[in-house]
Amino acid sequence: MYTQGLDSLGKECLQQEGADSGVLEARFQGKVDADEKIEPKDWMPDAYRQTLIRQISQHAHSEIVGMLPEGNWITRAPTLKRKAVLIAKVQDEGGHGMYLYSAAETLGISRDQMFEQLLSGAAKYSSIFNYPTPTWADVGAIGWLVDGAAIMNQIPICRCSYGPYARAMVRICKEESFHQRQGFEIMMMLARGTEAQRRMAQEALDRWWWPSLMMFGPSDAQSKHTAQSMRWKIKRFTNDELRQKFVDITVPQADYLGLKVPDPKLKWDPTAQHYEFGPIDWSEFNAVLKGNGPCNRERLEARRRAWEEGGWVRDAAMAHAEKQRRRQVQAA
Amino acid sequence: MSESKSEWPLFEVFIRAHSGLDHKHVGSIHAVDTRMAIEHARDVYTRRQEGVSIWVVRSSDIVASDPAEADALFEPAKDKIYRHPTFYAIPDEVKNL
């Protein structure tokens, strides 16, 4: 998984609802405040619906695009075991995308509309997948750091106010833990290996550390819509809270591996009981979001090719099913 | 994009986790027919032995109650607390009741 910028509400959130919807809205907020779930057919403010459609579909797209950087290594995994594990993990990411697309569809958007938004570039996906995976250690670093950051982001969403999203997240979180552990195990093997292997692990950590911290989205000060998302209980913690938690649990893991987190300002603050870390380069984050990361074009191109080349399969399957139906009707 | 606009139909998926349990709704899946729906549901919803049996049904065939009518439908049961065993006061010395 892989959400980010969970507070990216659109302009429709700023529109005023009609006065007559005030009662409905109050009842809706009452349910949310009482920790009751909102289900697909329940009344909900349009801004809530649009926010969820955007967030869930972008989350789904991230899962789907997320298959690409790791899929890159399936044919070159170092052992048969690693290959089986990697295939299972990539298949899980595809499955997570499917759970999430179904959850989004309950809000009234179609699967094809969502694909169109992804392929046209209108919808975003997590910026982390626009980075390349030049070595096998990158597969380990993705599992350990990227999936680790994802888990941190996703566990609170299991308690999201929208029922179908919350239920999809429960399934996803159960599966995500395997992803992180297999990644850490790869890093452990490399860190204990030859000098060249250890260096490979260190370089992968150097590449993925900062992009992983960026996965939590802009800092709270820049994050205009956090308050609304939290009021709706779509979001439970702020970006900075989650990022801090991630740093606090991950740095000791890096220490265990004997690897160095690439941040000269990183240090333990015993009074706060937190790690202090250096400033994040948001200009890089914004450039990648705007489409100028190392692999943005390649990723979208791969998705477009998959969609176009699969077109005849989708059409043929439909035609075949139609034919079978007609035959059954005739035979009856 | 150049493909046809005919999206594969949507199916709701229900899974029996173990024999002895009810089938439970787990989500939905797109497929051209029921057979493909079961195969896709297998791949998407049972990668870790989550089920021993799958039901699929076209989403368009499901008829659901309207949340706006929830009060009219379910309210009448609210004041019939005499339907619950705890409504009846039975002295402690009476056993097996």
Side-chain angles (χ1 to χ4, degrees), chain A residues 24 27 31 38-44 87-89 91-92 94-106 110-120 163-164 167-168 170-171 174-175 178 303-304 307-325 328, chain B residues 1-17 22-51 54-75 78:
Chain A
L24 289 169
R27 198 179 303 159
K31 277 177 85 172
I38 306 302
E39 293 295 340
K41 296 185 79 182
D42 293 341
W43 186 90
M44 61 188 87
I87 290 173
K89 179 180 191 297
Q91 193 191 8
D92 271 355
H96 295 176
M98 298 299 119
Y99 307 153
L100 290 162
Y101 282 130
S102 320
E105 283 175 277
T106 64
S110 76
R111 185 82 57 115
D112 279 1
Q113 276 174 296
M114 288 187 273
F115 285 163
E116 269 173 33
Q117 290 174 354
L118 171 66
L119 301 184
S120 73
R167 293 191 287 273
V170 169
R171 300 183 66 88
K174 272 189 199 160
E175 299 181 352
F178 135 62
R303 288 314 310 156
R304 286 195 192 110
W307 178 256
E308 278 162 19
E309 289 176 0
W312 73 269
V313 179
R314 292 191 297 277
D315 292 343
M318 268 299 250
H320 179 71
E322 262 318 308
K323 191 174 76 185
Q324 295 297 320
R325 252 190 298 278
Q328 264 177 358
Chain B
M1 289 187 307
S2 57
E3 83 302 333
S4 67
K5 284 283 164 204
S6 58
E7 191 172 283
W8 287 358
L10 193 64
F11 291 81
E12 297 304 315
V13 180
F14 300 80
I15 289 181
R16 187 199 295 284
D22 294 323
H23 284 76
K24 192 177 156 211
H25 184 243
V26 294
S28 57
I29 201 91
H30 284 274
V32 294
D33 57 21
T34 49
R35 184 180 159 187
M36 187 196 267
I38 284 181
E39 285 166 358
H40 284 185
R42 193 275 312 261
D43 289 344
V44 173
Y45 293 105
T46 67
R47 289 193 302 283
R48 289 174 177 76
Q49 298 183 287
E50 288 95 338
I54 300 174
W55 287 352
V56 292
V57 57
R58 266 184 188 255
S59 308
S60 57
D61 286 342
I62 290 189
V63 181
S65 66
D66 181 352
E69 291 171 3
D71 284 354
L73 281 172
F74 307 115
E75 193 75 40
K78 225 181 204 167

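Sequence lines set the chain letters: A, B, ... in the order given, protein chains first and strands last, and positions in each chain run from 1.
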Within 6.0 angstrom of B:Lys24 NZ, more than 12 heavy atoms from elsewhere: no

Nearest heavy-atom contact between B:Glu7 and A:Met318 is O-CE, 3.9 Å

Bottom line for A:Thr106: the part with an atom under 4.5 Å from chain B's heavy atoms is neither

Bottom line for B:Arg48: the part with an atom under 4.5 Å from chain A's heavy atoms is side chain

Nearest heavy-atom contact between B:Val44 and A:Gly95 is CG1-O, 4.4 Å

*Do A:Arg314 and B:His30 have side chains that get closer than 4.5 Å, going by heavy atoms?*
no

The interface call for A:Arg167 against chain B, heavy-atom contacts under 4.5 Å, is neither

Rounding to 0.5 Å, atoms CD1 (B:Ile29) and OH (A:Tyr99) come to a distance of 9.5 Å

Side-chain donor-acceptor pairs of residues 56-64 of chain B under 3.5 Å, sequence neighbours excluded:
unit_1, atom_1, unit_2, atom_2, d
B:Ser59, OG, B:Leu10, O, 3.1
B:Ser59, OG, B:Glu12, OE2, 2.8

If one checks every heavy atom of A:Glu175 against chain B at 4.5 Å, the contacting part turns out to be both

If one checks every heavy atom of A:Arg325 against chain B at 4.5 Å, the contacting part turns out to be side chain

**Prompt:** Does A:Asp92 come within less than 4.0 Å of B:Arg47, counting only side-chain N to carboxylate O?
**Reply:** yes

Sorted by chain and residue number, the salt bridge (charged side-chain N to carboxylate O under 4.0 Å, His left out) partners of A:Arg303 (sequence neighbours excluded) come out as none

So OH of B:Tyr45 and OG of A:Ser102: to nearest 0.5 Å the spacing works out to 3.5 Å

query = For B:Gln49, does the CD atom have more than 12 heavy-atom neighbours from other residues, nucleotides or ligands under 6.0 Å away?
reply = no

Bottom line for A:Gln324: the part with an atom under 4.5 Å from chain B's heavy atoms is neither

**Study point:** A:Met98 side chain near B:Asp43 side chain, heavy-atom distance below 4.5 Å
**Key:** no

The interface call for B:Ser65 against chain A, heavy-atom contacts under 4.5 Å, is backbone

Of the listed A:Glu39, A:Lys174, A:Glu105, the one with the largest count of heavy-atom pairs under 4.5 Å with chain B is A:Glu105

